[in-house]
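Just below is one structure, and these are the notes that go with it.
Reminder, nothing fancy here: chain letters follow the sequence lines and each chain counts from 1.
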Amino acid sequence: MSELSIFPAIFLQNLQSRIKINRKRYSEPDPWIEEMAGGSKFSIQSRFSPNLDPGVAVSSILAIADDAASDLTNAIQLHEAFSGLSPIAARDPRLWVSLAHIEFWRYMRTRWPLEGRAIRQSDSEKAEDFIKERYFLAGNDSRTLLRHGISRLWWIAHLTIDGAKEDPYYYTKLLFSFSDSQDILATLVERNLGRCRPALQAFLDLAAEKPEAMDRQYYRPLIKCLNSQGGARLIDLLPKATIKENLQVLLDDACRLSSQSTS
Amino acid sequence: MRLTERSYPRPVVGNRDDASSEFAAKLKGRVDGQFFYLSGTIHCSSQPISDMVRSKQAAYVIHLECSATAYRSAHQQTNSDIRIEIPSRHFCGRVEVNVLACATNPGKYSLPEAHPDYAGTDFPILPGDILAVSPGVEYYVDLQSDIDKIGSIMLIRDSGEDEVPMRVDLGGEKICILLSIQDYDRYRQIKDHPLGHALSSSIVLPALTYAIDQLRSTPGDFESQRWAELLLRRLEQSGMPDESLAAAQEILKFPISRALAAGVSVLEIAEE
C-alpha cells in the first residue's frame, strides 16, 4: 500500500476558515475537494502506509451505515489498518480531516449527515458547529478526537485495546455493547477518568458481569462516584480488581436502594 | 490535574496549610526525537511520610498526563531520585506532571506536624490515598507529527559564485542556503568536526529566521513549498514565540547555547 496523502496545513487552515462558504457542499453525495481546490495543491504525501492488502482501497476499510451499529466493526477495522500510527500522528488534524473529506466522504455523509439530527438547512450556525465537530478537529483536547467522525473510531479502539488479552479488542467490544454507547463514551471515555486504563477496564469488566451496570440510571452515578473517589485517591495505583470490587459495592447499594424505592 | 488547593479528608503535606512540613519536587524535563526525559529529586521533610515510604507503606508517585493524546501514567518508586524516560511519540503539546506520596497499604496515618484542626486524630488510609503533593508542573513537548515524511527542510549548497555573502532561496521544496565557493569549501571541511555542528547552526539560524519572517508576512507566496508546510505547522501547533528569531532558536533547539557549550568544551580539551 502506498503512503497516504493528507492535506497540507495551509490548505487545511483555508478549508476550516471556509466552512460557512462551503456549508452546502457538506450535503453533496460525492467528494468535492479537488473541484474546490481548482488546481491548487490539496494533498501531500505522508510517511504512513495503511496496513492493507495490495489493491485494497482505503475507502473500503469502513462499512457504510447510518447508525452506531457499525461503529464497533469500523473501529476495529480502521485501527487494524492504521495500526502503525503513533499517538502523536493520530492526533494530527491533517490526517483525519483529509480522510473525512476524501477517502471516507461517503461514509461521513451516511453516518454523520448534515441533514437530520434536528439540524435543518436553515440552522446555519448549528450546521457549521456540526461540521466543525464531525469533519474537523476543533481544539487540542483529546475530546475532539472522540467527536470527529473518523478519528473517533481509531481512538476508541486505541484507548480500549489490551494486548494482554487473547482478543485485544475485548474491551472495545464491551464498550460498544452498551445500548447507549454514545452516552458511555461521553460520560466516561471522553473524561479524564477514561484515560486511566485500570479504571476504564474495571468498569467494563463489571458491566460484563452485571448487565444492570449498562443501564444509564446506574452507570452514571457509578462513574460519578469513581470520579469523586479519585479526588483524594490516585486510582491509577489500584489494581483493576480492587477498582471493580469498589464499583461492585456501589452498584449493589444503588440497586438495593432502587428496588426499595419501587417496592 | 490540579492536586494542591483541595479539601482532602486527611492532612496532606504540601496542600494549603494542612501541615507545616514540606513536600516538593525539583524537576527537569527535556525531549528529543525519541524520548521525553524527566529527572529530579523529591524533598520530603515529613518524618512520618518518609518513614512510610522507607517501610514501603507508601510510595512516591510521578503522575504524567497529556490531554492532547489522552496519555496518562503513574510511576511508583521509593527513592527520591527521579529518572523517567517515556517515548516522546505519546506526547503532543502540554504535559502535566504531578509528584505525590500515596499510601500503598491500608493502615492508619497521623501527622504530628498537621494543622491543629487535625490534632490527635488518626486517619484510616487505603491504597492510593494521597498523603503529600507538590505543585504540578507543565512541560511543552514540541515535536513534529511523525506522519510527515522525514527530511530536513533546509540544505546548504555552493552558489558557484566567488566571495559573495550568504543567500537564502525560498523558492524550492527546501530552504536553500547558498554559500560562496570559498565559504562552501570551508563549511565542508568543518561540518563533521565537533565544533562543526555548532558552527553550522550559526549559518542555519539566520536563514531560518529569515524564512519564518517571510512565511509569516506573506504565507500565500509559499503555498506550494514543502518547507513552508512543515514550518507553518510547527509554528502554529507548537505555540512558538511571535518573534521570528526566538522561534527559529526554539526550532533549532537553541543553537547559540549549544555552540558556546561546544566551544567551551573544545577549549577545555585543548587546555588539558
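At least one side-chain heavy atom of B:Pro127 sits under 4.5 Å from a side-chain heavy atom of A:Leu238. Within the 4.5 Å cutoff, the side chain of B:Val61 has heavy atoms near those of the A:Leu234 side chain.
To the nearest 0.5 angstrom, A:Leu159 atom CG is 12.5 Å from B:Arg72 atom CZ. Between the CD atom in B:Glu229 and the CD1 atom in A:Ile6 there is a gap of 7.0 Å [rounded to 0.5 Å].
B:Ala74 and A:Leu237 make their closest contact through CB-CD2, 4.2 Å (heavy atoms, listed as atom of the first residue, atom of the second, distance). Here the shortest heavy-atom pairing between A:Arg91 and B:Ala68 reads NE-O, 3.1 Å.
Taking A:Arg197, A:Arg143, A:Arg195 one by one and counting their heavy-atom pairs under 4.5 Å with chain B, the maximum is reached by A:Arg195. Counting heavy-atom pairs closer than 4.5 Å to chain B, the top residue among A:Ser40, A:Ala232, A:Gly231, A:Gly194 is A:Ala232.
For chain A, the nearby part of B:Arg10 is the side chain; its heavy atoms alone come within less than 4.5 Å. For A:Leu137, no part sits under 4.5 Å from any heavy atom of chain B, backbone or side chain.
Partner of A:Arg233 under the side chain to side chain contact (heavy atoms under 4.5 Å, CB included) criterion, chosen from B:Ile130, B:Leu126, B:Ile125: B:Leu126.
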- Task: Given side-chain contact (heavy atoms from CB on, under 4.5 Å), test B:Tyr71 with A:Ile88 step by step and report yes or no.
- Result: CA-CA 10 Å; B:Tyr71 177 87; A:Ile88 191 174; over 6 Å; no

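For B:Glu85, the CD atom sits in a packed shell: over 12 heavy atoms of surrounding residues, nucleotides or ligands are nearer than 6.0 Å. Around the NZ atom of A:Lys165, the shell of radius 6.0 Å holds more than 12 heavy atoms that belong to other residues, nucleotides or ligands.
Between B:Glu223 and A:Lys41 there is no salt bridge, since no side-chain nitrogen of the basic residue lies less than 4.0 Å from a carboxylate oxygen of the acidic one.
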